[in-house]
Structure formats: structure tokens, C-alpha cells
Amino acid sequence: MAAERQWNEALFRALTEHSGDILSLLDAQGRFLFNSAAALRISGYSSEELAEMGPFQSIHPEDLATVAETFRRVLAEPGATASAQYRHRTKGGGWTWMEAVACNQLDNPDVRGVVTSSRDITERKRTEDALRQGEERLRALAARLDALREEEQARISRDLHDDLAQVLAGLGFEFRRLENRLAESDAPAWLEDWLAEASSLVGQAHASVRRIAFDLRPPSLDALGLPQALAAEARRFEARTGIRCAVEVGEFPALPAPLATALFRIAQESLTNVARHAQATRVQLRLEAGGGEVVLRVEDDGRGPEEGDPAKAGLGLLGMRERAAQVGGTARLERGAAGGATVVARLPLAPHSPR
């Protein structure tokens, strides 16, 4: 029996000394009873120094509550396990990110403690931080590009509406005057026909310029606000597609331009998806504000997300999600209670700036 015990102890020492993972044994108060060679190498402390430390003394203050709660859960039941990520202070004063799995062995007479297996994930954390910062910079850049595009589209829309549309309106007026003069004279019929055709073309050009200007950026969005812009967009959508489109807006505050633009573009993209894919006969837009957020719902009575999977909504939904994320919000696609699909965008009323 003694020989078997010595063999087990020798095997345990060999395994712990050559393991790349950090193996530790703690008592019920969180004090170190044993640390493997990897624990001593990474922390820089000796076994005696670790044993003299108070419970969780080497844990970063910001992570202490997480570690204590994880340890409490492990202690609650023999054989229970739990995991946590935290920063551990080395003897040199630096911080090392650790990922640990703890197992309750207090009912085991051969162990009598909490066994933890940890590994150094500092490099992984650095990589994750670098990726996250890269994503944040890309998102900030995308938001800036969207803002610049909206500004440019607004400028072009104003120029089209204020300059070219006015010129075409004046030209159309002059053509009508000329038509009236010709009607009172002995002008040949071909001239009257030519003038009528030219007047019609000017009218079509005027209508096209107004439509293009509205598509670039509806004047009502800046002049009258989001509810009026959505109502105008709903009328255009209904006239274009034949799908009934209603807008429901309760009491609503004035919104910052980036927030109003994001919601309007999300509504536009939602209506585009309805027209292309939903096979719907009715769509309703609901806009409400409260609890520090503004919520847009676009609900149709069509066939709903493909095979019931919102993830298959395609690039349209991805664009909506990105629009919402740029102002600190979310956008998701749901299956409606009575079939069809519902786009739900939730955006915070407080200002948001991408980092």
C-alpha cells in the first residue's frame, strides 16, 4: 500500500512538473495548498510565497468579484465545476490573463480541496483586443463614410430640387404659354403636336428630378422630421408596389439627425425587402419612443423569413444591423405572430459616438 502511494505521488509530481497548464490546490477559504511548477514559473512566486498570500490576493480588483462568485459556486456542491477568466498579478508587478476551471474535491479524502487547472491566455486576450479595436475603427470609419454620403446626397438633393427642378418647372410653364399662344394663331398642326410632345417630356423630366432628389434624401426628413418622412415614403411605396402601407406614430420627440437618418434608412431597406421577397399585401410601420430608446417596427403579412431562419435574410438585414450598430442600437428580424416578418430596430435616444 505504501509503495502504491509512493508511486502515485511520484506520478503526480511528474505530471504536474511537466504540464504546461497551471495546476493548483486551494482550501475552502481560497488559500493555496499546492501549485505546480508552471504556476511558480508564470507567477514568479515561490510555493511558500503563494501559501502565505491571503485568499485571492493576487487577483485584479476588477476581476475579484467574478473569481469569488465562481469559487462560491464550486464550493456549493461536491464535484461541482466552474470556469472563469481573470487577471493574476505576477511577482514582477505585471498582470497575466488566466482562464481557470475549478473542481470541488472537498469530499475526496485524498485531495480535500478545490483543484484548479489554468492556462495563460494573455496573448489570446491581446489578439482579441486588437481585433475588437480593429472592428471598432472599421465601424467608426463606416459610420463616417455613411455620414459623408448622407451629407453629399442631401446637398445633391437640394441642388436638384432647388435649381434643376425649378428650371424645369419654369420651362414647362413657358411651354404652356407658348401652347396657348399657338392655339390662338394659325400655326400648323405639326408645330402644335411637336410643342405638346416637348412639354410632356419636360413634365416627365421634372417628375424624374423630383423622384431622384427624394430618393437621395427626402426633404421632409430634415424639414419636418422622421414621422412625416416615413409617411411620405409609405405613400411612395404603396403607389409603386400596390402593397398597402400604413404608418403608426405616437407622441414622438425630435431626434438628432444621425438617429433619424438611421431609422429612415432601416425603414427604406425593410420596405425594399418586403417588395422583393415577402409576397405581402400589407405592411405597417410603427414608431415609438420611451424608456430612453426609440423603436421602429416594420411588419408585413407575407411569407416570413426563409424557412423560418432570420439568418437567411441576406445582405439587407446585415446593412440594417450595421446602420443600427453605428448609433449604438440593434436591428433584428422576427417571424410575426400571424405569419410574415417583422424588422425591429431599437436605438438609444442618448447620443452615441463610435469609438
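Please read all numbers here as calculations on a predicted model, not as lab measurements.
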Could you please spell out the steps behind the salt bridge (charged side-chain N to carboxylate O under 4.0 Å, His left out) verdict for Glu52 and Arg31? CA-CA 8 Å; Glu52 291 173 359; Arg31 295 180 180 275; over 6 Å; no

Closest non-hydrogen atom pair, Thr90 against Ile42: CG2-O, 3.7 Å

Rounded to the nearest 0.5 Å, what's the gap from CD1 on Ile212 to CD1 on Ile156? Could you check? 11.0 Å

Test side-chain hydrogen bond (donor to acceptor under 3.5 Å, both in side chains) on His88 and Ser58; report intermediate values, then the result. CA-CA 6 Å; His88 168 77; Ser58 63; 2.9 Å; yes

Step through the shown structure and confirm whether more than 12 heavy atoms of other residues, nucleotides or ligands are within 6.0 Å of CZ on Phe252. yes

Applying ring pair (Phe, Tyr, Trp, His ring centres under 6.0 Å), which residue pairs with at least one partner in residues 48-81 are found, sequence neighbours left out? Phe56-Phe71, His60-Trp95

Roughly how far, to the nearest 0.5 Å, is the CG atom of Asn180 from the CZ atom of Phe175? 13.5 Å

Separation of Ser36 OG from Leu25 CG (nearest 0.5 Å): 11.5 Å

Inspect the surroundings of CZ in Arg282 and state if more than 12 heavy atoms from other residues, nucleotides or ligands are less than 6.0 Å away. yes

May I ask you to check whether over 12 heavy atoms, not counting those of Arg181, lie within 6.0 Å of atom CZ? no

Check ion pair Arg297-Glu288 (N to O, under 4.0 angstrom): yes

Asn104 side chain to Thr81 side chain, donor-acceptor N/O pair below 3.5 angstrom: no

Derivation of the side-chain contact (heavy atoms from CB on, under 4.5 Å) call for Thr261 and Arg217: CA-CA 9 Å; Thr261 297; Arg217 186 171 179 87; 3.0 Å; yes

Output all residues satisfying side chain to side chain donor-acceptor pair (under 3.5 Å) with Asp300, sequence neighbours left out; order by chain, then residue number. none

In chain order, what residues pass the side chain to side chain donor-acceptor pair (under 3.5 Å) check against Arg72, with sequence neighbours excluded? Glu69

